[in-house]
Protein chains: 2
Amino acid sequence: MSVTADAAEPTRSARVSGIDKVERRRIALAESALKTLGELGYARTSLREIANNSEFTHGVVHYYFRDKIDLISYCVRYYKTKCAQRYDEVVETAESADDLAVGFLGKMTQTLVEETAMHRLWYDLRAQSMFEEQLRADVTAIDELLEQMIWRILTRYADLVGGSPAVDSPTAYALVDGLFEQAVVGYAADPEKVPDLLAGRVRQILPKLIAA
Amino acid sequence: MSVTADAAEPTRSARVSGIDKVERRRIALAESALKTLGELGYARTSLREIANNSEFTHGVVHYYFRDKIDLISYCVRYYKTKCAQRYDEVVETAESADDLAVGFLGKMTQTLVEETAMHRLWYDLRAQSMFEEQLRADVTAIDELLEQMIWRILTRYADLVGGSPAVDSPTAYALVDGLFEQAVVGYAADPEKVPDLLAGRVRQILPKLIAA
DNA sequence: ACAAAGTCTTGACGACTGTCAAAAGGCTGG
DNA sequence: CCAGCCTTTTGACAGTCGTCAAGACTTTGT
């Protein structure tokens, strides 16, 4: 569906080029919103703050999005299209278990460092979804995407190492995610060491998830 | 330090029985606040809402706590004294690896079911602490406590099984916590199956964390 | 070039927030 | 039993929030 907007639909009979323009505006808004959300977190981010940190006014936000949840929800869906295919290239090009492990861990620490804010926001939103029903659907959708991503890596790893996964897909995801979340939470306190610690720990765990 | 209050200190020359009374009031407020926080989450909980769901008025809250963060922070510290010793009895009384595993998993699923709201709040607060400095210290303190708790269980388990831990303490905690958080997040969607799934998964993982 | 549709700005609204101060009530020591 | 401190209530404040409407501006079809 590619980030379709069942949203505010501001223009009813949009011209052929207009619908693209609207979509572009929405994406621009979303990207700006994501920047602010990543810095302040869900709770402390207001629509006015989002508008302030962008080239738009707060009225525009409500013109392109029905309400706050609609915007956030759109942001989340937009974000997901970017995040879950992060390791796909590594999975496809790796020709040995070590290739895969090194590539995977490299990408992982890279995104931890370069997109810390976005990961913070993700864990924030997942927590918020426990209290706000309207976020639930989008959050679980992303969770499934991430789970599948980890599963692709693990099964490929098993292939290369000549074994098979010793745990099911949700378990594998929960374990890796636990390590990653720990790294995201602790990153602010020690940006130097945390990435390497994470890499080492995941590397240590990976083989344990494979059975001969 | 046992939930000491470097807080509002409302009464300066409190009578000997007065200081207890103040502390009791604080605890009552905190317990009521935790109930509301557990239901609504950190962001959506206001001081007035906390007061409404209690026998006190909103003025009293500010009489016993300097501000909102002071209250939340006190709640968190109060909560931690209850949560981290949950498995201690099991660890001490278990005489076989199976004893320990069964007891541990039992308590774990029990607290998942009976104190879901409190666990939701915990993951919410940990996420918030990434954005709100004032929560950071208390949150990491609890995290360390929980880590030590898991470590006690794992080392005891290793003893009983005649091996030694194959991962370090932070890793073990991150893995188990990942599984538990997954269960907490998913509990609302399927309260029937999630506890058993969690138990099964942890049981599957435990032996993998031990080296001969 | 004109009218219509789309886009954007601005200002306002009601509701809610954390915080505080003034005053009333209650308890205890003398 | 009264004075004085502790506790609580109540009402108000300044600020922020999401939302919306009225109008101005811009683009487009004809």
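What you see below is based on every heavy atom in this structure, not just the backbone, and it leaves out hydrogens, waters and symmetry mates. Below, chain A is the first sequence line, B the second, and so on; all start at residue 1.
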Exercise for the section: Give the rounded distance in Å between these two atoms: CG of A/Leu40 and C1' of D/dC17. Expected result: 15 Å
Practice task
Identify whether NZ of Lys or CZ of Arg in A/Arg152 sits under 6.0 Å from the centre of the six-membered ring of A/Tyr87 and within 45° of that ring's axis.
Solution key: no
Handout entry: Between C1' of C/dG6 and CZ of A/Arg24, the distance in whole Å
Key = 16 Å
Practice task
Choose from C/dT10, C/dG18, C/dT7 the nucleotide whose nearest atom is closest to any side-chain atom of A/Val22.
Solution key: C/dT7
Practice task
Nearest whole angstrom, please: distance from the P of D/dT9 to the CZ of B/Phe56.
Solution key: 9 Å
Exercise for the section: Return yes if some donor-acceptor pair links the side-chain N/O of A/Thr116 with the main-chain N/O of A/Val113 below 3.5 Å, else return no. Expected result: yes
Problem - Sugar-phosphate, base or nothing in reach of A/Arg25, heavy atoms under 4.0 Å - result: sugar-phosphate
Handout entry: Distance below 4.0 Å between A/Ser46 side-chain N/O and D/dT16 OP1 or OP2
Key = no
Handout entry: Flag, side chain of B/Arg126 to backbone of B/Asp143, donor-acceptor distance under 3.5 Å
Key = no
Completion exercise
From NZ of A/Lys68 across to P of D/dT16 the rounded distance in Å is 15 Å
Practice task
Assess whether atom CD of B/Glu89 is packed by more than 12 heavy atoms of other residues, nucleotides or ligands within 6.0 Å.
Solution key: no
Practice task
Give a yes/no answer on whether the side chain of B/Thr57 brings an N or O atom under 4.0 Å of OP1 or OP2 in D/dT8.
Solution key: no
Problem - Under 4.0 angstrom between A/His62 side-chain N/O and D/dC20 OP1 or OP2 - result: yes
Exercise for the section: Take the protein atom CZ of B/Arg48 and the nucleotide atom P of D/dG15, then report the distance between them rounded to whole Å. Expected result: 16 Å
Handout entry: B/Asp70 CG - C/dG18 P separation (whole Å)
Key = 14 Å
Problem - Side-chain N,O (B/Tyr63) to OP1/OP2 (D/dT8) below 4.0 Å - result: no
Exercise for the section: Look at the side chain of B/Leu47 and decide which nucleotide, out of C/dT19, C/dT10, D/dG18, has an atom nearest to it. Expected result: C/dT19
Exercise for the section: Just compare D/dT8, C/dT19, D/dT19 and give me whichever is closest to any side-chain atom of B/Tyr64. Expected result: D/dT8
Handout entry: Length of the line joining B/Ile50:CD1 and C/dC16:C1', which is rounded to integer Å
Key = 15 Å
Practice task
Taking only the side-chain heavy atoms of B/His58 (C-beta and beyond), determine which of D/dG18, D/dT9, C/dT19 contains the nearest atom.
Solution key: C/dT19
Exercise for the section: Send over the distance from B/Glu23 CD to D/dT7 P, rounded to a whole Å. Expected result: 12 Å
Practice task
Take A/Gly59 and A/Glu49, find for each the nucleotide of DNA chain D with the closest heavy atom, and name the residue whose nucleotide sits nearer the 5' end.
Solution key: A/Glu49
Practice task
Check step by step if ring pair (Phe, Tyr, Trp, His ring centres under 6.0 Å) holds for B/Tyr187 and B/His119.
Solution key: CA-CA 11 Å; B/Tyr187 182 74; B/His119 295 294; 10.0 Å; no
